[in-house]
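These notes concern the structure reproduced below.
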Amino acid sequence: MTVGARSGRLLSSMKAPTLLSTRTLGIVAVLGVSFVASVTVEAAGGGSPRGAGTPVRIVIDPGHGGTQSGAAANGIVEKDLNLIVALRLRELLELDTLDTAGGGEWDVRMTRETDITVSLSARSSMANNWPADRFLSIHHNGFGDPAVNGTITFSFANGTLAADMRDQIHDEMLAGLGFLDRGTSAANFHVLRETNMPAVLTEAGFLTNPANASALTMPAAIEAQARAHMFGLQRHYGQTPYVPTDGPTTYCTAKVASAGCLPAIGSTGTPSLASSDFLVFCDQVVSQQFGLLFWGREELQLPLLGGTLCVGGSATRTAVQFSYGLGNGNCSGRLELDMDSTFLNASGFVAGEEIFCQWWFRDPGQLPLVPVGLSDGLRFRVLP
Ligand SMILES: [Zn+2]
């Protein structure tokens, strides 16, 4: 990457008058070049996001799909709910891998990621050929009697590694969903019998039971199911159940503000190379300020009035590598950078990489260019 990448996607939701916008952007371009020229531009770094351990290979198997709907009742089609839970479970395991503070390291594959038909033998073969270390099949139940309800979890046999994983996940499912405990059981299902690694099949609840069905479609229950699978897996591997950080965190407490200047940083969405809706913003821009968002691969060290004001953490500090600038016209409002997938990929980011952002401000009309404000820093990880 080069500083030339600066022609990227800086967006502003501000509706500044055209005349002011033009003038502002011109000045900011000068500002940006001026600042970038004063810092070291480094070659792209690329440390591995993973620790020294070997990730556990997990196959997540969302039951049914395509022409095979599975159970269907009370407005829910099983194949759809299975996939929703499975995709969130994958996301959680990937976040857990990226978050080195707790939990484990997982290498995740799915037997399907969309609504397609996949045979049972294709599912077991995929896991055996990889080969996976563990196999998790996600299902929801159905029965003729709508009164029947509750959680059941299966493995091929009792007294096995698979049964241990089964029991751990089952307990977490009960704790997370609060449904009736229908117990754990051995079952002669294809995906449990034909997989060479410990395998578990979960039936969180009955779609044919109105109470189970209405609960299962709630976002909280989907999250609870996904977490229960992750927690059970973590326990099975001797880890304490851990919810990984799945949002950006601020890291710098040395926020600086002048009168009429309230720089603050925030974000929405998830930064992902596959489908990012990540947005970094500042919505407290006042007093005709100009704002620049500086971002890089290391914690930023921005000079402000001759001092170094970012003093958080123990991260190795190097100069900012890349920067974007954006002016905000003669009004207060919001600045934002849309870090969508196109932006992240075009900028050469890799999954697991930590990115640091910080807003830098100055008031217009001041020469030489004197900064007056600095936001907290924002740290996030790029997801696959
Ligand atoms: Zn099923």
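Remember, it's 1-based here, ligands and their atoms both numbered in the order they're listed. If you read the sequence from its start, that first residue is 1, and numbering goes on from there.
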Discussion item. Please give the atom name: the N, O or S atom of His139 nearest to the Zn ion (ligand 1).
Written reply: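 Going through the N, O and S atoms of His139 one by one, ND1 ends up nearest to the Zn ion (ligand 1).
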
Practice prompt. Would you please classify the geometry between the Phe278 ring and the Phe380 ring as parallel, tilted or perpendicular, with 30° and 60° separating the classes?
Written response: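 Aromatic pair Phe380/Phe278 classed tilted.
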
Fill in: the Zn ion (ligand 1) contact by Glu78, N, O or S atom under 2.8 Å
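Within the cut-off used here (under 2.8 Å), Glu78 does place an N, O or S atom near the Zn ion (ligand 1).
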
Discussion item. Distance check below 2.8 Å: does His140 bring an N, O or S atom to the Zn ion (ligand 1)?
Written reply: no

Item to complete: Sort and list the pairs that fulfil ring pair (Phe, Tyr, Trp, His ring centres under 6.0 Å) and have at least one residue in residues 57-96, not counting sequence neighbours.
Response: His64-His139

Fill in: Counterpart residues, side-chain contact (heavy atoms from CB on, under 4.5 Å), relative to Ile76 (two or more places apart)
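Testing Ile76 for side-chain contact (heavy atoms from CB on, under 4.5 Å), a comparison that skips the adjacent residues, returns Leu81, Leu207, Ala213, Thr217.
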
Fill in: Short side-chain donor-acceptor distance under 3.5 Å, Gln168 and His229
no

